[in-house]
Amino acid sequence: MILPLHHQVRGRVRAILAELYDLSDDTVNIPIESPPNRALGDLGSPVAFELARTLRKAPRVIAQEIAARFTAGDGIARVEAAPNGYLNVFIERRAFLLQRLGVIELPGTAVAQATGPSAVQKTIVEHTAINPNKAAHIGHLRNSALGDTLVRALGFRGTPVEVQNYIDDTGVQVADVVVGFREIEHRDLAGVQAIADATRFDYYCWDLYAKVTEWYTTDKARLAIRAAALHDIEHGVSPTAEIANFIAERVVRCHLKTMARLNIDYHLLTWEGDILRLKFWARAFEVLKHSGAVYLQTEGRLAGCWVMKIDDPIASDDDAEVGADGTSNPAGADGGEEDREKVIVRSNGTVTYVGKDMAYQFWKSGLLGKDFFYRTFARRMDGSQLWATTSHEVDAEVAHPPFGAALATFNVIDVRQAYLQKLLKQALVAVGHADEAERLTHFSYEMVALSHATARDLGYAAPADADDAKRPFVEVSGRKGLGVKADDLIDRLFAKALVEVTRRNPELSEAERRRISELIGVAAVRYFMIKYSRTKVIAFDIDEALSFEGESGPYLQYAVVRANNIFQKLQERAGVSTPALLASLAATPPDALNGEDGDHELWSLVLEAARLDDVVEQVVRSLEFAVLAKYGLGLAQMFNGFYHKAPILNEEREDVKRWRAAAVAYFRQQLTHTLEIMGVGVPSRM
RNA sequence: GCGCCCGUAGCUCAGCUGGAUAGAGCGUCGGCCUCCGGAGCCGAAGGCCGCAGGUUCGAAUCCUGCCGGGCGCGCCA
């Protein structure tokens, strides 16, 4: 951890600024950065540049004046003004490392914990939310990997988190599969159950879903069958509703199994059907009507609908200018340009998706005044209960944790839903809860598409003249059945890892080799899914995803395994236990740590390892997990370089040996934490 | 048409709320296992940071306008 030191430096610079220039505390922000190399310093601040204009002094002079006032102590060795105006801080290295290794006490932590935001309230993270009508694919994996990493990152910094997975069991997609079973395969509930027991059900539905889509296109009249099925599901009409229930529940169990393979799980499954049956919408509707946010449109195109005004700063400019070319579209036969409205309740009285989502969000934010009933659905990976909502009081378990009513909410949903998420926020504002709206975050990310090479592997060949062929990637499509199933990808990764592990460690038992392969496979997928910025479309390439080299999860694991090996060997060959080694540091001269011969590699490793807390803060602030991935990569690279250059077991100088070991001990601790935040474990061997 | 996103090395991408010399992986070429495990390390080649203006001590980063690409804008979800 480096942040306590940041706070300290900031505080002391503030005090000096107040003293020297009479600058009040919060007018100046004091950025803390990393100087390009250790010879320049451990922490650096360009604060003098910003002050240069207001103080009418050269940055270098300001930096010098601040540095002159800066006294050593409290973990800071000295402060220098660089010739170019940077203020550079040098850390008291020995104390810093010993504190982080727990050899000596870290001053101020007890206080910091006691005075910290003790009453932090719960944050809800909703992710995954796969339609329960087919197997999960790689697009869903990006969602879950990002969502779960967010959950872990929040947990790392002490924020209580509730993880929800929303199940759209009453939507068209489930209806489609019901239609497929009944109309194409002519099966009843028992028939569907038999198939579920005899096959990989989510895979079966994947294919069936594609078939149904095709089936609709051959005769548009068949769409009426879908509409009827959807209606029956929403109203609980037998037997359609029972079949739909069965399908949804079975497929959800498949999804849970898939996600569990990647160390991803949830506290609560919220079922859309329960939101309908418990009339959450009716309550939300009252509030929305009462506030005037949603009103009945009486004229025009949307007459008879309850609508919400979209406040889009679109600025209805003059569009009178239409080119001379005759393509001017007749914009407004009857009012095309005035305020836009979004339908919330259709003229036939049914609620749109947005409406249901608003009710759900009101509940998440603690504004609905209603609650679900709850039942145990399954076991979580740690053995505790996975809860699900229910609308039947008879099924309900009285004793359950409190759900919903969170201080803050993150909805992990891809960028294509940005518009709807914006409306959701707007609805909160409209009913007078601007603060809740402020604390609602749409964690958006770009979609996963397929590289042309991988689409070809899957047997998809776009006609050369088709649009698809010209695009930079091929879109995943559940409707077309085009996509890489999550479990297929995971299977391939596990299998490939097993080959590699077996080649390197033939003496291990098969069970052990499998265990290791799975850890490696998980690292590969999860790292792959977070290493891109969330604003970037991933053109998924199977060969790239299967790579265990370079910028990959296994590379990070490998670094930790190597580090662990050193301590194991230290114990085996020299009989030195890690605790004993660390204990001996207090009495070891710190020359090696301070860089004899101007060599700061050892210290650089320690300092970089310490940055994890800073990185996690940045990641949570920006929701950019690629930063975490890059940090882990850089740290592993730094260690690997150090590993080759600085031997430990064979180092003769005892003090050098100990400090190197200490640095590596801290490194592996921090990189292990980094991997934990990614949901990745460390194998015993690789 | 309007809104959001992307454009950096041959390819895939980093570049933190403007800051010290624009970096990594893959690929290419050349080295390194009597030495803690080579899923590794070291080195080389490879960049008008899409284009043009602007803001300032300083711009890959901020603003404007273009160009190219993606997505969104339904009484679908």
| query | Among the nucleotides B:rU17, B:rG70, B:rG37, which one has an atom lying closest to any side-chain atom of A:P472? | reply |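 Closest nucleotide among those given: B:rG70.
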
Go through the side-chain N and O atoms of [X] and [Y] and say whether any donor and acceptor fall under 3.5 Å apart.
X      : Y      : value
A:K134 : A:Q173 : yes
A:S577 : A:Q571 : no
A:E126 : A:N165 : no

| said: Would you say that more than 12 heavy atoms from the other residues, nucleotides or ligands in this model lie under 6.0 Å from the CD of A:E572, or not? | reply: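 Enclosed: over 12 neighbouring heavy atoms sit under 6.0 Å from CD of A:E572.
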
[N] to [M] separation - [atom1] atoms, rounded to the nearest Å:
N      : M      : atom1 : answer
B:rG7  : B:rU17 : P     : 15 Å
B:rC16 : B:rU61 : P     : 11 Å
B:rC5  : B:rA22 : C1'   : 23 Å
B:rC4  : B:rG23 : P     : 33 Å
B:rA45 : B:rC13 : P     : 26 Å
B:rG25 : B:rA9  : C1'   : 12 Å
B:rG10 : B:rC6  : P     : 22 Å

| task | Look at all strands and tell whether A:R621 reaches a base, only sugar-phosphate, or nothing, counting heavy atoms closer than 4.0 Å. | result |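 Nothing, no nucleic acid heavy atom in range.
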
| said: At 4.0 Å (heavy atoms only), tell me whether A:N640 reaches a base, stays on the sugar-phosphate, or touches nothing. | reply: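 The residue A:N640 makes sugar-phosphate contact but no base contact.
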
| Gap between atom CG of A:L450 and atom CG of A:D541 - 0.5 Å precision |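 If I round to the nearest 0.5 Å, the distance is 9.5 Å.
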
| task | Identify, with sequence neighbours excluded, every residue that meets side-chain hydrogen bond (donor to acceptor under 3.5 Å, both in side chains) alongside A:Y445. | result |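 A:N143.
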
| field | Protein-nucleotide distance (A:K422, atom NZ; B:rG3, atom C1'), rounded to Å | value |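 A:K422 atom NZ is separated from B:rG3 atom C1' by 7 Å.
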
Without placing hydrogens or testing angles, list every side-chain donor-acceptor pair under 3.5 Å for residues 351-358 of chain A, not counting sequence neighbours.
{"unit_1": "A:T352", "atom_1": "OG1", "unit_2": "A:V343", "atom_2": "O", "d": "3.4"}
{"unit_1": "A:T352", "atom_1": "OG1", "unit_2": "A:I344", "atom_2": "O", "d": "3.1"}
{"unit_1": "A:Y353", "atom_1": "OH", "unit_2": "A:Q417", "atom_2": "OE1", "d": "3.1"}

| Validation row: A:L43, A:S34 side chains within 4.5 angstrom (heavy atoms) |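 No, every pair of side-chain atoms sits at 4.5 Å or beyond.
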
| message | Looking at B:rC36, I'd like to know if its phosphate oxygens (OP1 or OP2) sit under 4.0 Å from a side-chain N or O belonging to A:R562. | response |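 Answer is no, no contact under 4.0 Å.
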
| field | N/O (side chain, A:R685) to phosphate O (OP1/OP2, B:rG37) under 4.0 Å | value |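 For B:rG37, OP1/OP2 do not have a side-chain N/O of A:R685 under 4.0 Å.
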
Report each atom pair, protein N/O against N/O of nucleotides 23-27 of chain B, whose distance is under 3.5 angstrom.
{"unit_1": "B:rA24", "atom_1": "O3'", "unit_2": "A:Q637", "atom_2": "NE2", "d": "3.1"}
{"unit_1": "B:rG25", "atom_1": "OP1", "unit_2": "A:Q637", "atom_2": "NE2", "d": "3.4"}

Side-chain donor-acceptor pairs of residues 638-649 of chain A under 3.5 Å, sequence neighbours excluded:
{"unit_1": "A:N640", "atom_1": "OD1", "unit_2": "A:R562", "atom_2": "NH1", "d": "2.5"}
{"unit_1": "A:N640", "atom_1": "ND2", "unit_2": "A:Y555", "atom_2": "OH", "d": "3.1"}
{"unit_1": "A:K645", "atom_1": "NZ", "unit_2": "A:E601", "atom_2": "OE1", "d": "3.2"}

| message | Contact list please: residues 516-525 of chain A against RNA chain B, heavy atoms, distance less than 4.0 Å, in numerical order. | response |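 Contacts with RNA chain B under 4.0 Å: A:I520.
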
| A:I167 and A:P132: which non-hydrogen atoms are nearest, and at how many Å? |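 Taking A:I167 first and A:P132 second, the nearest heavy atoms are CG2-CG, 3.8 Å.
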
| said: Please list all pairs meeting side chain to side chain donor-acceptor pair (under 3.5 Å) that have one or both residues in residues 612-625 of chain A, counting only residues at least two apart or in different chains. | reply: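 Output for this query lists A:R157-A:E617.
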
| said: For residues 495-508 of chain A, which residue pairs pass the side chain to side chain donor-acceptor pair (under 3.5 Å) check, not counting sequence neighbours? | reply: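 Checked against side chain to side chain donor-acceptor pair (under 3.5 Å) - neighbours excluded - the pairs reaching residues 495-508 of chain A are A:E500-A:R503, A:E500-A:R504, A:T502-A:R513, A:N505-A:R685, A:E507-A:R685.
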
Could I get a table of every N or O pair under 3.5 Å where one atom is in the protein and the other is in nucleotides 4-7 of chain B?
{"unit_1": "B:rC5", "atom_1": "O2'", "unit_2": "A:T535", "atom_2": "O", "d": "3.1"}
{"unit_1": "B:rG7", "atom_1": "OP1", "unit_2": "A:K536", "atom_2": "NZ", "d": "3.2"}

| request: Can you run through RNA chain B from 5' to 3' and write each base as (, ), [, ], | or . depending on how it pairs? Watson-Crick or G-U wobble, both distances under 3.5 Å. | output: (((((((..((((.....[...)))).(((((.......))))).....(((((..]....))))))))))))....

Filtered N/O pairs between nucleotides 73-77 of chain B and protein, under 3.5 Å:
{"unit_1": "B:rC73", "atom_1": "O2'", "unit_2": "A:R340", "atom_2": "NH2", "d": "2.2"}
{"unit_1": "B:rC75", "atom_1": "O3'", "unit_2": "A:R346", "atom_2": "NE", "d": "3.0"}
{"unit_1": "B:rC75", "atom_1": "O2", "unit_2": "A:S347", "atom_2": "N", "d": "3.2"}
{"unit_1": "B:rC75", "atom_1": "O2", "unit_2": "A:S347", "atom_2": "OG", "d": "3.1"}
{"unit_1": "B:rC75", "atom_1": "N3", "unit_2": "A:S347", "atom_2": "OG", "d": "2.7"}
{"unit_1": "B:rC75", "atom_1": "N4", "unit_2": "A:R301", "atom_2": "O", "d": "3.2"}
{"unit_1": "B:rC76", "atom_1": "OP2", "unit_2": "A:R346", "atom_2": "NE", "d": "2.2"}
{"unit_1": "B:rC76", "atom_1": "OP2", "unit_2": "A:R346", "atom_2": "NH2", "d": "3.2"}
{"unit_1": "B:rC76", "atom_1": "O3'", "unit_2": "A:R346", "atom_2": "NH2", "d": "3.2"}
{"unit_1": "B:rA77", "atom_1": "OP1", "unit_2": "A:R346", "atom_2": "NH2", "d": "2.3"}
{"unit_1": "B:rA77", "atom_1": "OP2", "unit_2": "A:R346", "atom_2": "NH2", "d": "2.9"}
{"unit_1": "B:rA77", "atom_1": "OP2", "unit_2": "A:Y353", "atom_2": "N", "d": "3.2"}
{"unit_1": "B:rA77", "atom_1": "O3'", "unit_2": "A:D168", "atom_2": "OD2", "d": "3.2"}
{"unit_1": "B:rA77", "atom_1": "O2'", "unit_2": "A:D168", "atom_2": "OD2", "d": "3.3"}

| Do A:W271 and A:Y166 have ring centroids that are under 6.0 Å from one another? |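 So the answer is no for these two rings.
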
With 3.5 Å as the limit, what N/O pairs link the protein to nucleotides 58-64 of chain B?
none

| query | With sequence neighbours left out, which residue pairs that include part of residues 342-353 of chain A fulfil the salt bridge (charged side-chain N to carboxylate O under 4.0 Å, His left out) condition? | reply |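 Not a single pair qualifies under salt bridge (charged side-chain N to carboxylate O under 4.0 Å, His left out).
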
